[in-house]
Peer 1: 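A single structure is presented below for examination.
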Amino acid sequence: MTDNDHNSHSPINPNTLPNFDNMPNVATMDTSHVDKDQPPFILVDGSYYLFRTYHALPKTMQNSQGLITNAIRGTLNALLKLMRRYHPTHMAVCFDTKSPTFRHAMSAEYKAARPPIDIELVEQIPYIHHLVAALGIPLLRIEGAEADDIIGTLAYRAVEQGHHVVISTGDKDMMQLINDCVILEDSFTGKITDSAGVIEKFGIEPHQMIDFLTLMGDSSDGIKGVPGIGKKTAKDLLNKYGNIDTMLKNVAEIKGRAGKNLVEYADDIPFNAKLATIVTDLAIGQDWTDLIINTDPCAHIDELRKLYSELEFKNELASLDHPNHPANGSASIADSQADAESQAQVAKSLQSSTIENIKDSKSHDKAWHTILDMPAFESLLEQLTNAAHFVIDTETTSIYWRQAEIVGLSFAMQAHEAYYVPLTHRLEGDELIEKQLDRDTVLSRLKPILENPNIGKIGQHLKYDAHILSHYDIDLVGALHESPNNWAMDTMLASYVINAAVTRHGMDDLARHYLQTQTISYEDVAGKGAKQVSFDQVAIDIASDYACEDADITYQLFDLFHKQLAEDDNNAKLLYELEIPTAQILCQMEANGILIKRSFLNELSKRFDEEIIALEKRAYEIAGEEFNLGSPKQLGEMLFDKLGVPGGKKTKSGQYSTGEAILSKIDHPLVEIVLEYRGLSKLKSTYTDALDAVADNETDRVHTSYHQALTSTGRLSSTDPNLQNIPIRTVTGRLIRQAFIAPKGRVILAADYSQVELRLMAHFSEDANLTHAFKEGLDIHAATAAEVLGKDVADVTATERRNAKAINFGLLYGMSAFGLAKQLQMSRGEAQDYIDMYFDRYPGVKQYMVDTRASAVNRGYVETILGRKLYTPDINHSNRMVKQGAERAAINAPLQGSAADLIKLAMIAVDKVLPKEQAKMLLQVHDELVFEVDSDKVEEISQLITDAMQDVLTTTAVEKGWHVDFAVPLLVETDSGQNWDEAH
DNA sequence: GCATCATCTTA
DNA sequence: GTAAGATGATGCG
């Protein structure tokens, strides 16, 4: 099918800039003459529906030819909805065209910022154009004009001539066109916005919308805005001054950053205002009176029939034989016409995208029970014993597992039914509420069931519940029969494996996204902020609803994910063979903790403090006055204003940039002091003081928490404290590492994968040179320098090696010449030459970059070595910067993500062979594992770990069904010593 | 009291 | 240029 241009109109010269000074203003025009009894003139922002429905509706809407039809259906539904609602006589659907407009002429960025649209959407566009035509609705595409401006112009003319207007769009920029007789209606979300709606949403009037956007900026439209002025400040300033002109006249009285930046960026305001303004006086031929809907049922019925059958819109097709034509806007037909399934899909997607339409989970028929007596508990025990699997959730006094005590337990054995067993809810005076069952009795009766490996355990973030239960000497185990590994399902990890990027993986997020259900929030039951109480202070009936809902929702999620995983064998394997076993190991590692030498940390802290004070004193002498050395703002003003040092650059929020990269270029005694001050105060506050504060007072061990469902690539993250960013690069920083020690009779042993991401690059790219270097065991950075410069490895200088190292890292990060130039302090051209030389010598690597970008664009995801799909949602973003960012992330993701897969496999492999009496796994730092090991077994255990890690792809991975023919050797380096520094 | 910015730490 | 988390300063309510 080809696009049919019979509805396109004569071009507008994109180089002719509109006259913004005399632009007619829809929001402020006179509307007293408008007759509201007539049906409104409807202007549809076709481009909005195209993009919105394409991204919001499932891609599973397809015909048997594999054509995705979600945007076609979504846009069609929007049109039909409008016709049903208004029975309009005049209407137009407006689309952008590909040709440049005056906005391109205004801004170079605008010109460059036209990325390709997803092919799956492009394919749908001609169908939409044809459908609009076949429905008898005028379609407007004007070369050189944007849909927004066509709509603005026609809306103005219609109102001028006495008609009221409905603009069908969800684009907030269009709010500037609202007045008494012009409203916006988003037919996808159902939201209608009039003047009151604008005031409610942004606190300003529609006629202030242009100024509002100009001040605040709008990244999606490339409007920069004034730094330091966001939604809120823009609103307040407009309320005070009415408009930007008045604001600028009184700018002297505007305090703070906003006032300062208004002056500084005043010159940019007119330009931004133009970008934000919708044109209302385009020289287009059509008048609203020309845009008549053809309501003759027979006019295009054959065309419609053809389209519906090709698209396989069955119910729409059937409805054509009905006496009424859909273009009549007959409600009875329109309601019956979309087929039930796709209507349901549309409805589902709608619910997930608008909070107002989300169910609350209580609207179901529910059977939620509170267990308060032994007979009821006995009955529950019997059900749990006989269940193949069930959901368990613990309620506790804290979100930190280390200090949490159990308050109650909830269970679910099927959807829509749940049980809560309150144990230690308290009255205000901390007294236990009497009617509850005894905690220890309940736990001891549950213990055999929770420890029974044949009864599957399901939960949301089970690592947490496992920690809690282990406080009470219960070892939570129990898998599904079809998956051998422990725990039947962790819904958080399941969601993470299925799609790490589509949503966060907290239960509230999962309920909203997958079940279209808004759960009771913790704040609802326990209050928020300082007034929040712990769960044992929540009344039992309220707590029971909350806890039962958690278990119920978790069960429903289990049902859903179980089905989804049955259809994707690799995802199931990633969950059951990789993530869940990893979670169990993490649970042990967190519980182990790492011993620290408190006295040493305290000494360091004291030493740092003395040096900091001395530095402050010297700084004040140089500056001539006291100021806060830790304040970038005060430092910037002191250095660049008061002391008059040249080289001041400002950040986007208007203050001087004083980052290390800038300061280290400045030759001034104060700078030296500041850099040393910063280094020391960072070490003191973030490490020496903080570690001492979080260490267990009895055991002197520090227990981090690993978050397993957070990063976009599959890496773990570590918090409270973060033990993945302990210093190593500087001598002083390394002192911190010396505080991490082993207990008497043991040593710290660290094992890390050498150059794992570059090896993965060699594997994926199959580049002959890179592969060769690793196979020969060369110093990879020196080898790169030698290769690129065409000299012998032995002749490579230190600088040459350093540059090669930077380029190797750059590769992993999706490097640009700009970025490399900054890193190496060379010109962009030099950096580009260097990159060109590199790609000339490593053509496989270049090809990998090209292929990975293409894969991300075409499929919407990239894959790791174990087949984990990492989705790249912004890969076709309309903003060029965002898109390029997504491309770099897409290049990096398979490398970083595969390294994460490998270390998880390694943890599982090592855990299996590690003699638990003689060694403990303590930490994971992305490509490194840290252990404490009996001193007399170091050699032996070190070898055990090295072998397990190096052979992981030929042993553990294969056992679990992943067959990877890795292109280069995996190398593990180990070392040991009295502390973590010595072990590295 | 809470959110955001700038800065700095790691792989 | 990728991926994270913690801190102090600052500004807002």
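Each chain gets a letter, A, B and so on, in the order the sequences are listed, and its residues count up from 1.
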Peer 1: Does A:Ser717 make a side-chain N or O approach to OP1 or OP2 of C:dG5 shorter than 4.0 Å?
Peer 2: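 Answer yes for this pair, as a side-chain N or O of A:Ser717 is under 4.0 Å from OP1 or OP2.
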Peer 1: Out of C:dT7, B:dA6, B:dT9, which has the shortest distance to the side chain of A:Gln655?
Peer 2: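 Selected nucleotide (nearest to the side chain): B:dA6.
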Peer 1: If I take atom CG in residue A:Asn892 and atom C1' in nucleotide B:dA11, what distance separates them, rounded to the nearest angstrom?
Peer 2: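 In whole Å, B:dA11 C1' and A:Asn892 CG are 11 Å from each other.
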Peer 1: Does C:dA3 have OP1 or OP2 sitting under 4.0 Å from an N or O in the side chain of A:Thr711?
Peer 2: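 The answer is no; no side-chain N or O of A:Thr711 sits under 4.0 Å from OP1 or OP2.
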Peer 1: Side-chain N or O of A:Lys822 less than 4.0 angstrom from OP1 or OP2 on C:dG1?
Peer 2: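 It does, given that an N or O in the side chain of A:Lys822 lies less than 4.0 Å from OP1 or OP2 of C:dG1.
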Peer 1: Can you tell me if the side-chain N/O atoms of A:Gln634 get under 4.0 Å from OP1 or OP2 in C:dT10?
Peer 2: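 Yes, because at least one side-chain N or O of A:Gln634 sits under 4.0 Å from OP1 or OP2 of C:dT10.
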Peer 1: Check A:Asp720 with A:Arg402, please: is the shortest side-chain N to carboxylate O separation under 4.0 Å?
Peer 2: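 Looking at A:Arg402 and A:Asp720, the cut-off is not met.
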Peer 1: In whole Å, what is the span from the CZ atom of A:Phe608 to the P atom of B:dC8?
Peer 2: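 Going from CZ in A:Phe608 over to P in B:dC8 covers 16 Å.
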Peer 1: Taking N and O atoms by type only, does the side chain of A:Gln724 place a donor or acceptor under 3.5 Å from a partner on the base of B:dT10?
Peer 2: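 Check fails, no donor-acceptor contact within cut-off.
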Peer 1: Which listed nucleotide (B:dA11, C:dG5, C:dA9) is nearest to the side chain of A:Leu710?
Peer 2: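 The answer is C:dG5.
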Peer 1: For the side chain of A:Pro632, counting heavy atoms from C-beta on, which of B:dA6, C:dT2, C:dG1 is nearest?
Peer 2: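 Nearest to the side chain of A:Pro632 among the choices is B:dA6.
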Peer 1: Does A:Arg715 have a side-chain nitrogen or oxygen under 4.0 Å from the phosphate oxygens OP1 or OP2 of C:dA4?
Peer 2: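 Checking A:Arg715 against C:dA4: no side-chain N or O falls below 4.0 Å of OP1 or OP2.
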Peer 1: Can you tell me how the ring of A:His703 sits relative to the ring of A:Trp401, calling it parallel under 30°, perpendicular over 60° and tilted otherwise?
Peer 2: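 The arrangement is perpendicular - the two ring planes meet at more than 60°.
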Peer 1: Is any side-chain N of the basic residue among A:Glu757 and A:Arg715 closer than 4.0 Å to the acidic one's carboxylate O?
Peer 2: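 Salt bridge between A:Glu757 and A:Arg715, a charged N being under 4.0 Å from a carboxylate O: yes.
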Peer 1: Any salt bridge linking A:Glu590 with A:Lys463? Criterion: basic side-chain nitrogen under 4.0 Å from a carboxylate oxygen.
Peer 2: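 Salt bridge present between A:Glu590 and A:Lys463.
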Peer 1: If you check every side-chain atom of A:Lys633, which of C:dA3, B:dT10, C:dG11 has the closest atom?
Peer 2: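 Of the candidates, C:dG11 comes closest.
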Peer 1: Counting only side-chain nitrogens and oxygens, does A:Ser631 get under 4.0 Å of the OP1 or OP2 atom of C:dG8?
Peer 2: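 Looking at the OP1 and OP2 atoms of C:dG8, neither is under 4.0 Å from any side-chain N or O of A:Ser631.
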Peer 1: Report the relative orientation of the aromatic rings in A:Phe764 and A:Tyr848; use parallel for angles under 30°, tilted for 30 to 60°, perpendicular for over 60°.
Peer 2: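 Taking A:Tyr848 first and then A:Phe764, their aromatic rings lie parallel (interplane angle under 30°).
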Peer 1: Go through B:dC8, C:dG1, C:dA6 for me and flag the one nearest to the A:Arg678 side chain.
Peer 2: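 Out of B:dC8, C:dG1, C:dA6, the nucleotide with an atom closest to A:Arg678's side chain is B:dC8.
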Peer 1: In whole angstroms, how far is the P atom of C:dT2 from the CD atom of A:Gln823?
Peer 2: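 Atom CD in A:Gln823 sits about 12 Å away from atom P in C:dT2.
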Peer 1: Given C:dG1, B:dT10, B:dT7, which nucleotide is nearest the side-chain atoms of A:Thr651?
Peer 2: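 Of the options given, the side chain of A:Thr651 lies nearest B:dT7.
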Peer 1: Strictly below 4.0 Å: does A:Asn722 bring a side-chain N or O up to OP1 or OP2 of B:dT10?
Peer 2: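 No, no such contact exists.
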Peer 1: Would you mind telling me which residue lines up with the more 5' stretch of DNA chain C, A:Thr719 or A:Thr713, judged by nearest nucleotide?
Peer 2: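 Per heavy-atom nearest nucleotide, the more 5' residue is A:Thr713.
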Peer 1: Nearest to the A:Tyr813 side chain among B:dA11, B:dT7, B:dT9, which nucleotide is it?
Peer 2: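 Given the options B:dA11, B:dT7, B:dT9, the side chain of A:Tyr813 is closest to B:dA11.
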